[in-house]
Amino acid sequence: MDLRIDMPLVLLLLLPLFLYFGWTYFHERQRLKRSHIVVLTIRIVAAGCLVFALAGPYLLLPIKEEQIVYLVDRSASMNGTEDEMVQFIQESLQSKKEPQLAGIYSFSSTLQTEAILSKTLKEVPKLTEIKATDQTNIEQSLQLASGIIDPKKATRLVLLTDGNETKGDALEFATKLKGSNISVDIKPFSQPVVNDVSLKSFVSPQVAYVGEQQQLVTDIHATSAGQGELLLYENDELIHREAVELTEGTNVFTYKYAATAEGLVKYEAVVQVGQDAIFENNKLTSVTMVQSEPHLLIVNGYETASPIAAALGSQSIAYDVVAPKSLPNELSSYLQYNAIIFDNVPGHLVGEAKMSVIEQAVKNFGVGFTMVGGENSFGLGGYFKTPIETLLPVEMEIKGKEQLPSLGLVIVLDRSGSMQGSKLELAKEAAARSVEMLRDEDTLGFIAFDDRPWEIIETGPLNSKEEAVDTILSVTPGGGTEIYSSLAKAYENLADLKLQRKHIILLTDGQSQAGNYEDLIGEGKEEGITLSTVAIGQDADANLLEALSDMGSGRFYDVIDEQTIPSILSRETAMISRTYIEDNPFYPAIYNAAGWNSLFDNGVPQMNAYIGTTAKQGATVVAKSEKEDPVLAQWQYGLGKTFAFTSDSTGKWTGDWARWQNWGALWQTLISQMLPSYNDVAYDVRLEADGSFMITDPTNEAAFLDIVAVNEAGEELETQLETISASQVRAVVQAEPGLIFFRIADEKQAIYQAGLSVPYSAEYELLPVNNQLIEELTQRTGGTVLKEPQDVFRDFTTKGADRQNIATWLLLASMLLFFIDITIRRFGWNFLTNAKKKEPLVEEKTIPEDTNVAQLLKGMKKRS
């Protein structure tokens with residue numbers, strides 16, 4: 001037990017207190033009786049207790065229990081050491097004493113529990129799987145472990161690691177442990193020495209021109225000499241394969257290549273060897289801005305040759321024509337182009353993941369975009385509430401909904417166990433989106449089935465869209481799969497309803513028992529009911545579902561990419577009503593829009609048809625129909641310019657426009673207006689050693705730049721900007737290893753693009769044990785570098801203690817003493833000493849009032 005005081009300076013208050021009472025006693029000692037001396041003593045002790053209480057005294061009571069916490073580093077740099085670490089822990093546990101608690105936790109980028117702190121731990125459990133191994137965060141593991149233990153008990157954190165932290169700062173956190181009951185011991189471990197080949201760097205020029213000879217430089221490190229193969233890719237296409245002779249240490253190879261791709265071009269280097277310890281460090285990417293003439297991407301939704309390409313001719317802007325299914329997933333593939341045209345492209349062949357990447361290319365990198373109409377475009381293409389609708393100047397909804405036929409829709413959704421996860425979530429989202437496309441007076445039914453039908457929404461008028469959407473989104477997965485009874489229920493619900501259009505959409509990923517589908521669907525057709533089917537995944541009975549849609553006069557969709565499900569249901573809901581297509585010939589009205597009027601100096605040709613849409617607020621409508629629906633509209637979306645041409649490109653809908661002398665000039669004008677405005681300023685973007693990016697502006701206006709970082713998947717990354725000087729801005733980006741794209745725009749919205757590669761984590765480098773960190777961490781926390789397993793449970797130099805505050809007790813004692821003092825002055829000394837005697841032994845004499853003690857007593861009496 002140990003007595004300690006928080007604020008010892010407060011005890012200086014005792015000096016004037018003792019001086020005052022000492023002076024009083026010295027000058028009045030001749031006249032003081034025994035009772036006065038007792039009262040004076042009581043007051044001295046009471047005042048002393050009060051001062052001691054203010055000083056914050058406490059007792060430290062020893063705690064016998066001690067805590068030992070093992071922290072096992074299981075990051076990628078520790079591969080191959082797990083058995084050795086487990087053996088060390090197992091041997092050390094044999095030395096554990098009775099009052100000691102032990103627990104085991106493993107960590108990489110975060111901490112997870114293997115065995116909680118307890119006195120009964122004798123064996124090391126099987127370590128659980130750890131997923132994220134690409135970082136080592138020793139600081140966080142120490143911080144979390146210090147929150148698990150009892151801070152009153154003596155604690156030893158035992159780190160089993162190589163000390164190579166890639167995230168956090170363990171030494172900074174160690175300063176916070178100073179003065180605590182926590183010490184850190186470390187047992188160093190490292191990967192066994194093996195053959196490893198790694199790419200240390202891969203460099204391509206930051207800017208180049210088409211046809212210019214570029215130098216692609218690779219720096220390969222090998223732990224031992226041997227044979228290898230170097231592969232170089234341009235936008236995922238192999239451009240060079242070379243057998244290389246590797247010596248131990250650094251190997252530099254340079255390849256000269258004339259750029260053929262344009263825009264932001266991704267180059268990738270891969271090194272392959274027979275025996276390799278770490279595969280993650282064998283690949284690096286680099287990005288080069290290859291400057292050239294503008295380049296257009298035409299996505300052709302027709303099975304024949306692209307009508308737009310034919311209208312442009314061979315002497316126009318350079319373009320590539322691709323099918324919708326061939327669209328890439330990576331942002332870098334779209335940044336090769338200055339503009340994109342979707343020509344009658346069904347949304348379900350694109351999918352929302354690719355739509356999101358395109359939306360980022362338009363919004364943040366200024367890539368122009370145009371959607372051209374047709375039977376598979378706009379609302380009929382399934383673009384309702386998609387990223388593509390977000391960037392377009394028109395909405396997929398149309399005016400004059402009161403003119404639409406009465407509609408009845410029943411969605412039959414598979415909720416079996418195999419649909420659990422993203423398939424069911426996307427299917428529910430798709431169904432909810434279909435509900436939002438309906439009118440309030442339309443009829444809706446929703447059946448979710450597993451081994452039986454569950455009528456989630458009874459077929460009837462859609463009274464509340466919001467309530468219906470919430471109900472659909474609340475559906476949970478169930479058991480097996482039985483299609484027929486659910487489909488029969490949907491037909492039964494629609495059969496007797498007096499509606500102009502009645503439609504069923506069936507979505508399933510499984511197979512079902514046989515049923516009399518022919519009679520069911522035949523009777524439904526007599527009642528005007530149509531059926532479309534969606535097969536989700538490879539396990540679905542595609543043959544049955546396709547046959548059902550054929551019998552039901554609907555459409556069949558074979559879905560491999562789950563992201564396309566929402567577009568399919570949007571398209572199906574739109575297809576119920578063919579009134580989306582306005583097919584009465586008319587002469588579009590042309591409005592005063594810059595760059596367009598000169599095309600129509602000799603008149604406006606007649607147009608046959610278009611898809612009905614609604615212009616968004618803020619959009620510029622260049623051409624309108626007689627119903628004032630937009631035929632050609634444009635607006636600015638982020639940094640990109642987007643257009644909607646609601647007629648088609650084949651001549652079937654455009655009529656005389658396709659035979660018009662300015663038909664090619666129309667497309668040339670549209671493309672020229674789509675092209676972004678690029679910045680001629682050569683901003684320098686570099687990756688710093690600390691992982692941040694430094695952007696240098698030669699015009700010294702760095703503080704006014706708008707900077708956005710986006711990854712390959714089109715996801716905008718969290719970015720913190722710090723202005724270093726008039727010419728430099730530091731960007732701290734939360735990015736995973738791989739390509740990252742920067743869009744830099746000035747106040748005039750002129751765009752500069754740059755791409756950089758975030759290299760693989762240092763976890764995938766063969767590094768020796770970080771002895772410097774290990775030594776310093778143990779010294780700062782009072783720990784040691786362990787050599788033998790039994791050293792883990794050696795005696796603690798600092799014992800745990802429980803702090804007991806005694807200030808309250810001193811205050812109570814002071815109050816009690818003051819109460820006794822008041823009692824004596826109130827009832828006299830005889831009340832305490834001779835309570836049983838009738839007369840006092842000695843007659844008390846009054847102390848003259850002019851004495852100091854008398855004055856003190858009198859004053860205290862008045863106060864009481």
Side-chain angles (χ1 to χ4, degrees), residues 295-312 317 319-329 331 333-363 365-396 561 563-564 566-568 570-571 574 580-581 610-611 613 616 619 630-635 637 640-650 652-654 666-667 670-671 673-676 714:
H295 202 172
L296 172 68
L297 175 65
I298 301 173
V299 186
N300 182 26
Y302 297 102
E303 294 183 0
T304 58
S306 169
I308 294 177
L312 290 174
I317 183 176
Y319 58 80
D320 293 332
V321 180
V322 299
K325 289 185 178 180
S326 302
L327 282 172
N329 296 303
L331 179 62
S333 299
Y334 294 102
L335 296 185
Q336 304 174 48
Y337 300 98
N338 305 97
I340 302 170
I341 295 179
F342 269 30
D343 188 11
N344 195 36
V345 176
H348 71 275
L349 295 182
V350 181
E352 297 212 12
K354 295 176 183 177
M355 292 186 197
S356 296
V357 176
I358 293 171
E359 190 249 351
Q360 280 291 339
V362 174
K363 176 183 177 182
F365 294 89
V367 176
F369 185 87
T370 294
M371 176 171 281
V372 179
E375 293 183 350
N376 295 315
S377 191
F378 292 99
L380 292 179
Y383 288 98
F384 179 71
K385 284 205 167 182
T386 64
I388 295 296
E389 184 189 33
T390 302
L391 64 86
L392 285 174
V394 296
E395 297 174 354
M396 303 305 162
D561 182 3
Q563 295 287 335
T564 63
S567 292
I568 290 173
S570 293
R571 181 171 190 261
Y580 269 81
I581 301 176
Y610 66 94
I611 288 187
T613 59
K616 291 179 180 177
V631 174
L632 177 61
Q634 66 185 51
W635 81 337
Y637 180 73
K641 300 167 188 173
T642 69
F643 293 77
F645 183 65
T646 58
S647 190
D648 75 345
S649 62
T650 63
K652 178 181 178 182
W653 287 7
T654 44
L666 174 80
W667 292 107
L670 187 148
I671 291 168
Q673 294 208 20
M674 270 201 298
L675 297 177

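Nothing here was measured: the structure is a model prediction, and the numbers come from that model.
For P676 against G366, the heavy-atom pair with the smallest separation is CB-O, 3.0 Å. Here the closest non-hydrogen pair linking K354 and V350 is CD-O, 3.3 Å. A pairwise comparison of heavy atoms in V357 and N329 identifies CG2-O, 3.5 Å as the closest pair. Residues S377 and M371 approach most closely at OG-CG, 3.3 Å, considering heavy atoms. Heavy atoms only, all atoms of each residue included: Q336 and H295 are closest at O-CB, 4.1 Å. Scanning all heavy atoms of the two residues, the minimum distance from L349 to K325 falls at CD2-CE, 3.6 Å.
By the neighbour-count criterion of 12 heavy atoms within 6.0 Å, atom NZ of K616 is densely surrounded, having more than that number from other residues, nucleotides or ligands.
Residues T390 and Y637 have side chains in contact (heavy-atom distance under 4.5 Å, counting atoms from C-beta outward). Using a 4.5 Å cut-off on side-chain heavy atoms (C-beta onward), L392 and F643 make no contact. Looking only at side-chain heavy atoms (C-beta outward), Y337 and L296 stay at 4.5 Å or farther from each other.
For the 3.5 Å distance criterion, the side chains of D648 and Y610 fail to qualify, holding no donor opposite an acceptor. Side-chain N/O atoms of Q360 and Y334 include no donor and acceptor closer than 3.5 Å.
Rounded to the nearest 0.5 Å, atoms CG (L297) and OG (S333) are 10.0 Å apart. Within the model, atoms OG1 of T642 and CZ of F369 stand 8.5 Å from one another, a figure rounded to the nearest 0.5 Å. Note: I308 CD1 to L312 CG = 7.5 Å, rounded to the nearest 0.5 Å. With rounding to the nearest 0.5 Å, the separation of CG in L670 from NZ in K641 is 11.5 Å. T613 contributes atom OG1, which lies 9.0 Å from atom CD of E395 (distance to the nearest 0.5 angstrom). The OG1 atom of T646 lies 8.0 Å from the CG atom of L632; values are rounded to the nearest 0.5 Å.
N300 places no side-chain N or O within donor-acceptor distance of the main-chain N or O of A323, the cut-off being under 3.5 Å. Side chain of E389 to main chain of K385: a donor-acceptor pair is present (N/O by atom type, distance under 3.5 Å, no hydrogens or angles). Under a 3.5 Å cut-off, the side chain of T370 and the backbone N or O of A644 do not form any donor-acceptor pair. Side-chain atoms of R571 never come within 3.5 Å of backbone atoms of G381 as a donor-acceptor pair (strictly under, hydrogens ignored). Judged by distance alone, with hydrogens and angles left aside, the side-chain atoms of T650 form no donor-acceptor pair with the main-chain N or O of P307 at under 3.5 Å. Between the side chain of S567 and the backbone N or O of Y383 there is no donor-acceptor pair closer than 3.5 Å.
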Extract all donor-acceptor atom pairs below 3.5 Å that involve side chains of residues 339-347 and protein atoms in other chains or at least two apart in sequence.
unit_1: D343; atom_1: OD1; unit_2: S649; atom_2: OG; d: 3.0
unit_1: D343; atom_1: OD2; unit_2: S649; atom_2: OG; d: 2.7
unit_1: N344; atom_1: OD1; unit_2: E375; atom_2: N; d: 3.2
unit_1: N344; atom_1: OD1; unit_2: N376; atom_2: N; d: 2.8

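If you run side chain to side chain contact (heavy atoms under 4.5 Å, CB included) between S306 and each of V322, I298, V299, only I298 comes through.
Between W667 and F645, the gap from one ring centroid to the other is short of 6.0 Å.
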TODO: Would you sort out whether Y319 and I671 count as a side chain to side chain contact (heavy atoms under 4.5 Å, CB included), showing the intermediate values?
DONE: CA-CA 11 Å; Y319 58 80; I671 291 168; over 6 Å; no
